[in-house]
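These numbers come from the heavy atoms of this one structure, side chains and all, not from hydrogens, waters or symmetry mates.
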Amino acid sequence: MTNNTDKIEAGVAAVKVLESWGVKQIYGLPAGSLNSWMDALKHEETAIDFVQVRHEEVGALAASMQYKFSGEIGVALGSGGPGATHLMNGLYDAREDGVPMLAIIGQRAENEINMDAFQEMNHNPVFADVAIYNRRVAYPEQLPKIIDEAIRTAITRKGVAAVEVPVSYGWEEIDRENWYSSANAHRTPPYPIPEEKNIEEAARILENAKRPVIYAGIGTRRNGDAVMALSRKLKAPVAVTGINYDTFPHDFEALLGSANRVSRKPAVEVFDEADVVLFAGSNYPFTEVTGVFDHVDKFIQIDIDPYKLGKRHPVDVAILGDAGSVIRSITDKVSEKPESAWYRANLNNIKNWAAYIDKLENKKEGKLQIYQAYQAINQVADDDAIYSIDVGNTTQTSVRHLKMSPKNMWRTSGVFATMGNGLPGAISAKKSFPDRQVWDLTGDGAFSMVMQDIVTCVQYNLPSIHVVFSNEEYAFIKAEQEDTNHYYYGVDFQSVDYAKIAEAQGAVGLTVSEISDLHEVFQKAVDLEKSGKTVVVNVKISEDRPIPAEALELDPALYPEEEIRAFKERYEAEELVPFSQFLKDEGLESFVQKRQNKSTQDGSKVDTEEQI
């Protein structure tokens, strides 16, 4: 670096652009094709932290998860060739969840490009699918400009920007006056103003609904109070997407949970019996394949993105606008409803499910199951704890058993659902919120993909608690094989002592395999975390499959008695009651049973005609 005050290295200028956009850390590891970036980051290290991960995939996932936790764009570095391709999993996670992210890709020096040099490759086509902005810097003076353009594009279009930079460009000096950042000009566009006639039509339909349900997606985040107010006024229960549980207090009386596999029983059962759905701020990707809304009469959708209106289901009323403000407007226009038989049936179904969950969590004898571990976590976790959740059974069970509220944050790999996101998410969460308690909850299969980066938490003094639910199998996939395959195959693996893995990296390792030891072990983990330690808790759980709420066998009108008995015995679900019974208790007909009876009658009629 020269002392010429009229000049600045292009790499340093580019890092200053990152600073202007509020970037506080960059995840990656060094490489020859990134060395000019390393120099520039060292020059600016008081403003931006370089977090040295042990695998670029971890860095990319941490960058993606960073935005999900903090709302700040994440940045990851990948060297030319293998470092760049290692980023892919994190980039696709960001793309699928609509997360702004910047990937900086190294490249050989300009004179080596297109010469089949060591680790030299054409990255552009590799990143063409994942990125909404995909450029190679053409000359040194362009470097800060392209970085600025990339960030602006990623933020405004909510996606991945990929920038490839020949390493020689970062050291080139450019005129200090010939670069700038557009960060100070960035503005968030105002929410679209919904049409009043659409709000009035939605209010009219909800006013006349007999069996309304509110479906609250992440577009309602930070507006849970508004959703609950409408729910209580209409006497409409509330279902959520799996990634939106932390918008509501866990004890909200009308909270059904989510449908499909990452689900709770009340939400699975409700839609086949409902007549009107208010679908707010969601792009639920299982709608078409499950037919979850096939039997509702009226479908009202609210979304801030016009592209999503009508995407998942035919719409009777489409409202373009912010879900929270639209819901408040609808609430003002509907009358207070008396408690209805429909509402009571749903509340009773919710209570029945809660009693089942409580029973599982409070078991004192027998094999240690995942359910009792959650009770221990709930007992010791801070009120505003942050949860980075890996995918699979951990996602499914965490939304059933964690006692969350809007004080918490619960984040995962939503649509892409990549294994191994829990630990990287904990790293970025702790970097963004150093004063809050951070939990990484993961299965042993997912943890095995990224466990080398426990040392990253240790190295950067990021105290956190990493819970590994260890049952020596890919349990979520095993359950899928049970439902679809002829055999179990490739889903079991050898046991690993994850506590020792942690200790080898400078963390504290704890192991628990008995229900009676849970509270003591988790209290110790919290105490150690509060003293500044990174802790890994290896929880040796049974192979019991969590109840498949999406495939309940409870209703005697739909299943033989012996099947129901076997289902309840396997899942310890003796007290679970089908929703149809709660409807019947309130004097309401079950639409599911009605359709089943009609189907049976139609089938009998066909059989009779064929015999004739």
*Asks:* Is any side-chain heavy atom of N348 closer than 4.5 Å to a side-chain heavy atom of D585?
*Replies:*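 No; the side chains remain at least 4.5 Å from each other.
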*Asks:* Measuring only between side-chain heavy atoms, which start at C-beta, is V317 closer than 4.5 Å to Q301?
*Replies:* no
*Asks:* Between the main-chain N or O of I541 and the side-chain N or O of K367, is there a donor-acceptor pair closer than 3.5 Å?
*Replies:*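 No; zero donor-acceptor contacts below 3.5 Å.
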*Asks:* For K265, enumerate each residue passing the salt bridge (charged side-chain N to carboxylate O under 4.0 Å, His left out) test, keeping only those at least two apart in sequence or located in another chain.
*Replies:*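 K265: salt bridge (charged side-chain N to carboxylate O under 4.0 Å, His left out) contacts with E269.
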*Asks:* With sequence neighbours excluded, tell me which residues meet side-chain hydrogen bond (donor to acceptor under 3.5 Å, both in side chains) with E586.
*Replies:*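 In terms of side-chain hydrogen bond (donor to acceptor under 3.5 Å, both in side chains), with neighbours along the sequence ignored, E586 is linked to R344.
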*Asks:* Any idea how W353 and Y356 line up, ring-wise: parallel (<30°), tilted (30 to 60°), or perpendicular (>60°)?
*Replies:* tilted
*Asks:* Any heavy-atom pair between the side chains of W342 and D275 that's under 4.5 Å?
*Replies:*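 Counting from C-beta outward, D275 and W342 never come under 4.5 Å.
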*Asks:* Looking just at side-chain N and O atoms, do D544 and Q369 make a donor-acceptor pair shorter than 3.5 Å?
*Replies:* yes
*Asks:* Would you call E207-R204 a salt bridge at under 4.0 Å N-O?
*Replies:* no
*Asks:* Considering non-hydrogen atoms only, spot the tightest contact between K333 and A203 and give its length.
*Replies:* CB-CB, 3.8 Å
*Asks:* Heavy-atom distance under 4.5 Å between the side chains of L554 and Y559, does that happen here?
*Replies:* no
*Asks:* Of V238, T241, N244, which is the lone residue that meets side-chain contact (heavy atoms from CB on, under 4.5 Å) with T220?
*Replies:* N244
*Asks:* Please check if any side-chain donor atom of Y191 sits under 3.5 Å from a side-chain acceptor atom of S325, or the reverse.
*Replies:*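 No pair is found: no donor N or O on one side chain lies under 3.5 Å from an acceptor on the other.
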*Asks:* Does the side chain of E482 reach to within under 4.5 Å of the side chain of R545, using non-hydrogen atoms?
*Replies:* yes
*Asks:* The criterion is salt bridge (charged side-chain N to carboxylate O under 4.0 Å, His left out); which residues satisfy it with K197, sequence neighbours excluded?
*Replies:*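 Salt bridge (charged side-chain N to carboxylate O under 4.0 Å, His left out) list for K197, sorted by chain: E195.
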*Asks:* Spell out, as yes or no, whether a donor-acceptor pair under 3.5 Å connects the side chain of K363 to the backbone of L368.
*Replies:*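 A pair under 3.5 Å: no.
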*Asks:* Check whether S590 reaches the backbone of K584 with its side chain - one donor and one acceptor, N or O, closer than 3.5 Å.
*Replies:*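 Not at all, since once roles are kept as given, no pair shorter than 3.5 Å links the two residues.
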*Asks:* Under a 3.5 Å cutoff, is there a donor and acceptor pairing between the side chains of S398 and W410?
*Replies:*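 Present: a donor and an acceptor within the cut-off.
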*Asks:* Please list, one pair per line, the donor and acceptor atoms closer than 3.5 Å that link side chains of residues 412-425 to other protein atoms, with sequence neighbours excluded.
*Replies:*
{"residue": "T412", "atom": "OG1", "partner": "I389", "partner atom": "O", "Å": "2.6"}
{"residue": "S413", "atom": "OG", "partner": "D93", "partner atom": "OD1", "Å": "2.5"}
{"residue": "S413", "atom": "OG", "partner": "A417", "partner atom": "N", "Å": "2.9"}
{"residue": "S413", "atom": "OG", "partner": "T418", "partner atom": "N", "Å": "3.0"}
{"residue": "T418", "atom": "OG1", "partner": "N89", "partner atom": "ND2", "Å": "2.5"}
{"residue": "N421", "atom": "ND2", "partner": "I389", "partner atom": "O", "Å": "3.1"}

*Asks:* Going by an N to O cut-off under 4.0 Å, is there a salt bridge joining E550 and R261?
*Replies:*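 A salt bridge is present here (some side-chain N lies under 4.0 Å from a carboxylate O).
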*Asks:* Looking only at atom types and distance, does a side-chain atom of N471 sit under 3.5 Å from a main-chain N or O of E543, one as donor and one as acceptor?
*Replies:* no
*Asks:* Answer whether the closest heavy-atom distance between the side chains of V399 and V262 falls below 4.5 Å.
*Replies:*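 Result yes, sub-4.5 Å side-chain heavy-atom pair found.
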*Asks:* Indicate yes or no for a side-chain donor-acceptor contact from E575 to the backbone of A355 under 3.5 Å, with no hydrogens or angles considered.
*Replies:* no
*Asks:* With side chains defined as the heavy atoms from C-beta onward, is the minimum distance between P406 and P249 less than 4.5 Å?
*Replies:* yes
*Asks:* For D316, is there any backbone N or O sitting under 3.5 Å from a side-chain donor or acceptor partner on K298?
*Replies:*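 Not a single qualifying donor-acceptor pair exists.
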*Asks:* With side-chain contact (heavy atoms from CB on, under 4.5 Å) as the test, pick out the partner of P237 among I214, N346, N349, L255.
*Replies:*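 Looking at I214, N346, N349, L255, the match for P237 under the side-chain contact (heavy atoms from CB on, under 4.5 Å) is N346.
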*Asks:* Relative to F591, does R211 satisfy both conditions: NZ or CZ under 6.0 angstrom from the six-membered ring centre, and within 45 degrees of the ring's axis?
*Replies:* yes
*Asks:* With I547 as reference, evaluate E572, R400, R570 under the side-chain contact (heavy atoms from CB on, under 4.5 Å) test and give the passing residue.
*Replies:* R400
*Asks:* Going by distance alone, is a donor N or O of one side chain under 3.5 Å from an acceptor N or O of the other, for Y92 and D129?
*Replies:* yes
*Asks:* Is any NZ, NE, NH1 or NH2 atom of the basic residue among K359 and E574 found under 4.0 Å from an Asp or Glu carboxylate oxygen of the other?
*Replies:*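 Yes, this pair counts.
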*Asks:* Identify, with sequence neighbours excluded, every residue that meets side-chain contact (heavy atoms from CB on, under 4.5 Å) alongside V99.
*Replies:*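 Expected list: S64, Y67, K68, A94, D97.
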*Asks:* Under 4.0 Å between a side-chain nitrogen and a carboxylate oxygen: does that hold for K235 and E339?
*Replies:* no
*Asks:* With a 4.5 Å limit on heavy-atom distance, are the side chains of V537 and I465 in contact?
*Replies:*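 In contact.
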*Asks:* side-chain hydrogen bond (donor to acceptor under 3.5 Å, both in side chains) with R312: which residues, sequence neighbours excluded?
*Replies:*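 Checked R312 against side-chain hydrogen bond (donor to acceptor under 3.5 Å, both in side chains); matches are N283, E288.
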*Asks:* Rounded to the nearest 0.5 Å, what separates atom OH in Y284 from atom CZ in F293?
*Replies:* 7.5 Å
*Asks:* With no hydrogens and no angle check, do the side chains of H401 and E361 hold a donor and an acceptor under 3.5 Å apart?
*Replies:* yes
